[in-house]
Protein chains: 2
Amino acid sequence: MTLMIKPIDFIDDYLAYLLARSSHLVSEQFHRQIQAQGWSTNYWRILASLSDVEALTLTQLNQRVLFKQPTLSKLVVKMEAEQLLVRHKDDADKRSVKIAISATGRTLVADLLAQAKAHEAKVLEDYSEEQQQLLKSMLRGLVVHLQE
Amino acid sequence: MTLMIKPIDFIDDYLAYLLARSSHLVSEQFHRQIQAQGWSTNYWRILASLSDVEALTLTQLNQRVLFKQPTLSKLVVKMEAEQLLVRHKDDADKRSVKIAISATGRTLVADLLAQAKAHEAKVLEDYSEEQQQLLKSMLRGLVVHLQE
DNA sequence: CTTTTTTATATGAAAATGAATACAACTACT
DNA sequence: AGTAGTTGTATTCATTTTCATATAAAAAAG
């Protein structure tokens with residue numbers, strides 16, 4: 001496993017492209033796996049984002065899932081109808097909608113989370129523990145840096 | 001600039017999410033900049049992918065831009081109508097369409113490439129040269145690894 | 001050679017997306 | 001309090017995207 005691979009042309013030395021491409025490649029297989037089970041990747045992203053918090057407002061959830069607000073707004077209404085999550089008005093701010101995962105959603109996401117972890121392990125199986133941590137912490141650093 | 005940032009919950013230790021999030025954050029600003037000039041990000045991605053090659057088939061181009069085939073097919077027809085690129089049948093394989101950037105497209109992309117480089121420099125301004133190279137080469141390694 | 005299978009692209013109908021906007025509730029001033 | 005500006009969410013409608021499929025050419029099999 002060498003980490004030193006030289007760029008060939010513009011695209012291979014352009015950070016935005018390297019991120020987009022690696023993101024795409026990493027997610028692609030897993031998304032197919034999810035879809036084969038009848039679930040949309042949007043659902044997976046939303047449920048995963050809700051899995052480790054009590055509740056989030058639509059805006060907060062949107063910062064995690066990276067959709068456009070109208071897109072998320074519609075998805076969340078649909079998912080509530082399917083009992084995967086619960087929406088209720090925020091008492092502190094009556095404009096806001098608090099969104100929380102439901103019991104059904106929790107069962108589903110537990111399964112998907114296990115699959116996601118297994119998939120990631122497979123993706124990174126040739127990397128040492130140190131390399132894995134280095135890669136992830138560089139990305140976390142980039143995220144923090146870009147959010148100001 | 002520390003690179004060691006610890007994960008908090010699932011999402012912050014999940015490679016696919018870290019990649020998606022950092023990719024989104026890096027591209028977002030630049031895409032807004034492009035759109036403010038009246039260009040779609042799809043056009044930018046296609047032109048950038050064509051900028052440093054003579055010609056690519058639709059399939060080859062699609063491997064770079066990461067769209068769905070019908071999406072690219074339609075975009076490319078539209079861009080030919082706008083004189084940004086040229087399509088012609090491949091002599092070697094008559095099913096294939098070879099796509100090449102036009103003179104007009106080349107002028108446009110030269111401008112956009114300069115902007116992209118400037119934007120990237122800004123994004124990475126707090127990183128040392130070593131850190132930049134490490135980050136990029138890890139991502140290149142990941143891409144190569146995932147493509148088999 | 002046929003026949004079958006695979007590959008490359010295009011297209012049409014249906015679904016998803018997003019820009020613009022509406023509306024209600026909150027905040028900051030005066 | 002009253003007004004002006006801001007923020008959070010929903011909705012509309014035009015555009016974009018995609019699934020499914022068609023078509024034609026190449027490759028593989030028989």
Side-chain angles (χ1 to χ4, degrees), chain A residues 20 24 27-28 31-46 49-50 53 55-82 84-100, chain B residues 20 23-24 27-47 49-50 53 55-82 84-100:
Chain A
H24 181 84
S27 298
E28 200 182 37
H31 285 179
R32 268 202 298 271
Q33 184 177 320
I34 284 182
Q35 283 169 345
Q37 299 167 53
W39 298 107
S40 84
T41 65
N42 286 346
Y43 277 32
W44 151 241
R45 296 224 275 170
I46 290 172
S49 297
L50 290 171
V53 295
L56 294 174
T57 67
L58 188 79
T59 302
Q60 291 168 337
L61 178 58
N62 201 39
Q63 286 168 342
R64 290 191 165 211
V65 295
L66 314 170
F67 298 153
K68 293 281 152 66
Q69 181 266 316
T71 303
L72 183 60
S73 201
K74 285 162 197 164
L75 281 170
V76 149
V77 168
K78 219 170 95 186
M79 290 175 76
E80 187 180 41
E82 296 173 30
L84 294 170
L85 50 80
V86 178
R87 295 183 328 139
H88 58 83
K89 280 230 156 36
D90 185 358
D91 288 325
D93 183 341
K94 286 175 191 162
R95 294 168 305 179
S96 287
V97 177
K98 285 277 202 177
I99 300 160
Chain B
S23 174
H24 180 85
S27 297
E28 201 181 38
Q29 302 169 47
F30 185 60
H31 286 180
R32 268 203 298 272
Q33 184 177 320
I34 283 182
Q35 285 168 344
Q37 299 167 54
W39 298 106
S40 84
T41 65
N42 286 345
Y43 277 31
W44 152 240
R45 296 223 274 172
I46 291 172
L47 292 176
S49 298
L50 292 171
V53 294
L56 295 174
T57 67
L58 190 78
T59 301
Q60 290 168 337
L61 179 57
N62 202 38
Q63 287 168 343
R64 291 190 164 210
V65 294
L66 314 171
F67 298 153
K68 294 281 153 64
Q69 180 266 317
T71 304
L72 183 60
S73 203
K74 283 162 193 166
L75 280 170
V76 148
V77 168
K78 219 170 93 185
M79 289 175 76
E80 186 180 41
E82 296 173 28
L84 294 170
L85 48 82
V86 179
R87 295 181 328 137
H88 57 86
K89 280 228 156 40
D90 185 358
D91 289 324
D93 182 342
K94 285 176 190 161
R95 294 169 302 178
S96 287
V97 177
K98 285 276 201 178
I99 300 159

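So you know, we letter chains A, B, ... as the sequences are listed, proteins then strands, and number each from 1.
As rounded to whole Å, 24 Å separates atom P of dT6(C) from atom NZ of Lys94(B). For Ile99(A) and dA10(D), the CD1 to C1' distance is 12 Å, given to the nearest whole Å. Asp93(A) places its CG atom 10 Å from the P atom of dA25(C), with the value rounded to the nearest Å. Here dA25(D) presents its P atom at 14 Å from CG of Asp91(B), a figure rounded to the nearest Å. Atoms NZ (Lys78(B)) and P (dT17(D)) sit 8 Å apart, rounded to a whole Å. One interatomic measurement links the two molecules: CG of Leu72(B) to P of dT11(C), which rounds to 14 Å at whole-angstrom precision. The CG-C1' distance, from Leu75(A) to dA10(D), rounds to 14 Å in whole Å. Computed from coordinates, the Asp90(B) CG to dA26(D) C1' distance equals 12 Å when rounded to whole Å.
Ser49(B) contributes atom OG, which lies 8.0 Å from atom CG of Leu66(B) (distance to the nearest 0.5 angstrom). Residue Leu58(A) holds its CG atom at 10.0 Å from CD of Gln60(A), rounded to the nearest 0.5 Å.
Annotation: salt bridge (Lys or Arg N to Asp or Glu O under 4.0 Å) contacts of Asp93(A) (sequence neighbours excluded): Arg95(A).
For dA16(C), neither phosphate oxygen OP1 nor OP2 lies less than 4.0 angstrom from any side-chain nitrogen or oxygen of Asn42(A). Within the structure, every side-chain polar atom (N or O) of Ser96(A) is placed at least 4.0 Å from both OP1 and OP2 of dG8(D).
You'll find a donor-acceptor pair under 3.5 Å spanning the side chain of Lys74(B) and the base of dT18(D), going by distance alone. Arg95(B) contributes a side-chain N or O that forms a donor-acceptor pair with the base of dT7(C) under 3.5 Å.
Here the closest non-hydrogen pair linking Ala55(A) and Lys98(A) is CB-CD, 4.3 Å. Residues Ile34(B) and Trp44(B) share a closest heavy-atom pair of CD1-CG, 3.4 Å.
The nearest heavy atom of DNA chain C to Thr71(A) and to Ala92(A) marks one nucleotide each, and the one closer to the 5' end goes with Thr71(A).
Within the 3.5 Å criterion, the main-chain N or O of Gln29(B) finds no donor-acceptor partner in the side chain of Gln33(B).
For the segment residues 57-70 of chain A, the set of residues with a heavy atom within less than 4.0 Å of an atom of DNA chain C comprises Lys68(A), Pro70(A), in numerical order. Annotation: proximity of residues 32-41 of chain A to DNA chain D (heavy atom, distance under 4.0 Å) is found for no residue.
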Please list, one pair per line, the donor and acceptor atoms closer than 3.5 Å that link side chains of residues 67-79 of chain A to other protein atoms, with sequence neighbours excluded.
none

Taking only distance into account, with no hydrogens and no angle test, what donor-acceptor pairs under 3.5 Å do side-chain atoms of residues 84-92 of chain B form with protein atoms, sequence neighbours excluded?
| from | atom 1 | to | atom 2 | distance (Å) |
| --- | --- | --- | --- | --- |
| Arg87(B) | NE | Glu80(B) | OE1 | 3.1 |
| Asp90(B) | OD1 | Ala92(B) | N | 3.1 |

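Evaluation of the salt bridge (Lys or Arg N to Asp or Glu O under 4.0 Å) test over residues 32-42 of chain B, restricted to residues two or more places apart or in two chains, returns none.
Closest contact between the side chain of Arg87(A) and the listed nucleotides dA10(D), dA10(C), dG8(D) involves dA10(D).
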